[in-house]
Student: 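Handing you a structure now.
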Protein chains: 2
Amino acid sequence: MNDFLSEIEYAGLISRIKRLSDEILYSTRDYYKTVGLDIEPNWHLVFYLLERNGSMTITDISQELRMSHPACVKIIKKMKKKGYVLTKTDDSDSRRQLLQLSDKSKAQLPFFRKHWDAGIKTTEDLIADSPHFVEELKQLELKIDQKSYKDRTLDNLELE
Amino acid sequence: MNDFLSEIEYAGLISRIKRLSDEILYSTRDYYKTVGLDIEPNWHLVFYLLERNGSMTITDISQELRMSHPACVKIIKKMKKKGYVLTKTDDSDSRRQLLQLSDKSKAQLPFFRKHWDAGIKTTEDLIADSPHFVEELKQLELKIDQKSYKDRTLDNLELE
DNA sequence: TATATTTGCGTAACTAGTTACGTAATAAAA
DNA sequence: TTTTATTACGTAACTAGTTACGCAAATATA
């Protein structure tokens, strides 16, 4: 296969994870374009959340997805622009913007779901030969959660 | 742990990989800032390559790292601006820009290496409880390489 | 009740990648 | 030798995330 990132072993592992993630992201966007899905790859999580919960704020979503709120602001802004999300100011707290799916979203959801399901199937196929992957990914998440990559590396620096 | 991305199982797996990758990337940048490393996290691969090979072109690097050449152009541009990389036009082909590490780079490499090694140690620590991770990641890379996420998903769509 | 703190969210400025396009130099083909 | 195709690389415009900052509304405290 002759891959530099693999050759350097642990020094390239993190970059390989990023490379895999990027590759799938761009391939998914390519897929969406091909089949005529007028949405971005990361939006489907917001559709999922709003469909399940009915109404949520930016802060709610950013907590559920564990990403920064400015990232969510950007996503929602685009989804609103395309008419997939509606906002309504909370009566009891004017800071809170209640988000919900528009009728356009609801009408398109079955179509979206068909494609999302095909993607999920792809994910299942991909890790079919990797029976420990999900469990070991979870381990990584847990460890990173307990102590950050930065703090771990600072500790490792002192050991030398 | 109560994590939405984990709850939805395969529908959230790709996003979890991205989340992990992002988290480590930003944590590494934070680390660099803390210890006074005046470089970006992704540069270390270029340092590795140029140190090993002496002189390379943008195209060489993009092939080795398997990323687009415009991405490399951006990285090299910044590295040049900071004085870490020098360019020299190839005598026999004026299109080719031969890149090499500057004296500043060479002088700092031992310092850099100390921190990169600490990071590698962190990676090793992290996957110490995930004995199959590297092998299964490789499997994923191979499968994606054989048939893209897009093509796999198109096939899965037809099956329904 | 007046003041201080927290919360929600919006924006700015940054890095990191992509695809699409253009241009000049080299190589290949007519 | 002239034309055509390929290669190297630079730029533009886009998405996707981050941190840092600001401001107004709500809440807690003095």
Side-chain angles (χ1 to χ4, degrees), chain A residues 14-15 17-34 38-46 56-63 65-82 87 89-99 148-150, chain B residues 14-15 17-34 38-46 56-63 65-82 87 89-99 148-150:
Chain A
I14 305 297
S15 295
I17 295 173
K18 172 156 180 53
R19 186 171 62 180
L20 180 70
S21 164
D22 282 344
E23 190 157 339
I24 295 176
L25 174 68
Y26 286 102
S27 198
T28 303
R29 187 176 358 241
D30 192 7
Y31 172 86
Y32 281 9
K33 198 176 171 184
T34 300
D38 187 33
I39 57 175
E40 293 295 332
N42 51 353
W43 295 4
H44 89 276
L45 298 169
V46 177
M56 300 176 79
T57 67
I58 294 267
T59 306
D60 294 337
I61 291 174
S62 67
Q63 281 168 357
L65 301 184
R66 299 199 186 168
M67 59 167 38
S68 69
H69 87 267
C72 289
V73 168
K74 285 189 198 175
I75 292 170
I76 295 296
K77 210 182 210 172
K78 287 176 196 162
M79 290 180 76
K80 277 175 72 174
K81 199 172 173 184
K82 291 272 189 188
T87 53
T89 304
D90 189 347
D91 291 331
S92 61
D93 184 344
S94 68
R95 292 169 310 177
R96 290 161 55 90
Q97 294 294 312
L98 299 175
L99 309 171
S148 74
Y149 197 87
K150 176 195 177 186
Chain B
I14 305 298
S15 295
I17 295 173
K18 171 156 180 56
R19 186 171 62 180
L20 181 70
S21 164
D22 281 343
E23 190 157 339
I24 294 176
L25 174 68
Y26 286 102
S27 198
T28 302
R29 193 187 339 254
D30 191 7
Y31 172 86
Y32 281 8
K33 198 176 172 183
T34 300
D38 187 31
I39 57 176
E40 294 296 333
N42 50 353
W43 294 5
H44 89 276
L45 297 169
V46 177
M56 300 175 80
T57 66
I58 295 267
T59 305
D60 294 337
I61 291 172
S62 67
Q63 282 168 356
L65 301 184
R66 300 199 185 169
M67 59 167 39
S68 69
H69 86 268
C72 289
V73 168
K74 285 189 198 174
I75 293 170
I76 294 297
K77 211 182 209 172
K78 287 176 196 161
M79 290 180 76
K80 277 176 72 175
K81 199 172 173 183
K82 292 272 189 186
T87 54
T89 304
D90 189 346
D91 290 332
S92 60
D93 185 343
S94 68
R95 293 169 307 178
R96 290 162 55 89
Q97 294 294 312
L98 299 175
L99 309 171
S148 74
Y149 198 88
K150 176 196 176 186

Student: If I take atom CZ in residue Arg96(A) and atom C1' in nucleotide dG10(C), what distance separates them, rounded to the nearest angstrom?
Tutor: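 The answer, rounded to whole Å, is 17 Å.
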
Student: Tyr32(A): what forms a side chain to side chain donor-acceptor pair (under 3.5 Å) with it, not counting sequence neighbours?
Tutor: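 Tyr32(A) satisfies side chain to side chain donor-acceptor pair (under 3.5 Å) with Trp116(A) only.
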
Student: If the sugar-phosphate is the primed atoms plus P, OP1 and OP2 and the base is the rest, what is the B/S/- string for nucleotides 13-21 of chain C, using protein heavy atoms under 4.0 Å?
Tutor: B-SSBBBB-

Student: Which residues pass the salt bridge (Lys or Arg N to Asp or Glu O under 4.0 Å) test with Asp22(B), not counting sequence neighbours?
Tutor: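 For Asp22(B), the residues satisfying salt bridge (Lys or Arg N to Asp or Glu O under 4.0 Å) (neighbours in sequence not counted) are Lys18(B).
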
Student: Examine dA24(D): is either OP1 or OP2 under 4.0 Å from a nitrogen or oxygen in the side chain of Ser94(A)? Give yes or no.
Tutor: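 For dA24(D), OP1/OP2 do not have a side-chain N/O of Ser94(A) under 4.0 Å.
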
Student: Under 3.5 Å, which N/O atoms of the protein pair with N/O atoms of nucleotides 2-7 of chain C?
Tutor:
| residue | atom | partner | partner atom | Å |
| --- | --- | --- | --- | --- |
| dT7(C) | O2 | Arg95(A) | NH1 | 2.4 |

Student: Taking side chain to side chain contact (heavy atoms under 4.5 Å, CB included) as the test, write out the residues that go with Lys74(B), two or more places apart.
Tutor: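 Lys74(B) satisfies side chain to side chain contact (heavy atoms under 4.5 Å, CB included) with no other residue.
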
Student: Counting only side-chain N and O atoms of Lys77(B), is one of them less than 4.0 Å from OP1 or OP2 of dT11(D)?
Tutor: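 For Lys77(B), the contact criterion (side-chain N or O under 4.0 Å from OP1 or OP2 of dT11(D)) is met.
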
Student: Among residues at least two apart in sequence or on other chains, which ones pass side chain to side chain donor-acceptor pair (under 3.5 Å) with Thr34(B)?
Tutor: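 For Thr34(B) the side chain to side chain donor-acceptor pair (under 3.5 Å) partners, ignoring immediate neighbours, are Lys150(A).
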
Student: So, OP1 or OP2 of dC9(C): does either fall under 4.0 Å of a side-chain N or O from Thr59(A)?
Tutor: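 So the side-chain polar atoms of Thr59(A) do come within 4.0 Å of the phosphate oxygens OP1 or OP2 of dC9(C), strictly under.
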
Student: So, Ser27(A) and Asp30(A): side-chain donor and acceptor under 3.5 Å apart, yes or no?
Tutor: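 The answer is no; no qualifying pair exists.
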
Student: Rounded to whole angstrom units, what separation is found between the CG atom of Asp60(A) and the C1' atom of dG8(C)?
Tutor: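 Going from Asp60(A) (CG) to dG8(C) (C1'), I get 10 Å.
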
Student: Please list, chain by chain and in numerical order, all residues satisfying side chain to side chain donor-acceptor pair (under 3.5 Å) with Glu23(B), sequence neighbours excluded.
Tutor: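 In terms of side chain to side chain donor-acceptor pair (under 3.5 Å), with neighbours along the sequence ignored, Glu23(B) is linked to no residue.
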
Student: Regarding Thr87(B), tell me which of base, sugar-phosphate or nothing describes its non-hydrogen contacts under 4.0 Å with the strands shown.
Tutor: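 No contact.
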
Student: Applying side chain to side chain donor-acceptor pair (under 3.5 Å), name anything that partners Asp90(A), two or more places apart in sequence or on another chain.
Tutor: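 Scan of Asp90(A) (side chain to side chain donor-acceptor pair (under 3.5 Å), adjacent residues dropped) gives Ser92(A), Arg96(A).
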
Student: Tell me: CG of Asp93(B) to P of dT6(D), nearest whole Å?
Tutor: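 Value for this atom pair: 17 Å.
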
Student: Salt bridge (Lys or Arg N to Asp or Glu O under 4.0 Å) with Lys33(B): which residues, sequence neighbours excluded?
Tutor: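 Scan of Lys33(B) (salt bridge (Lys or Arg N to Asp or Glu O under 4.0 Å), adjacent residues dropped) gives none.
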
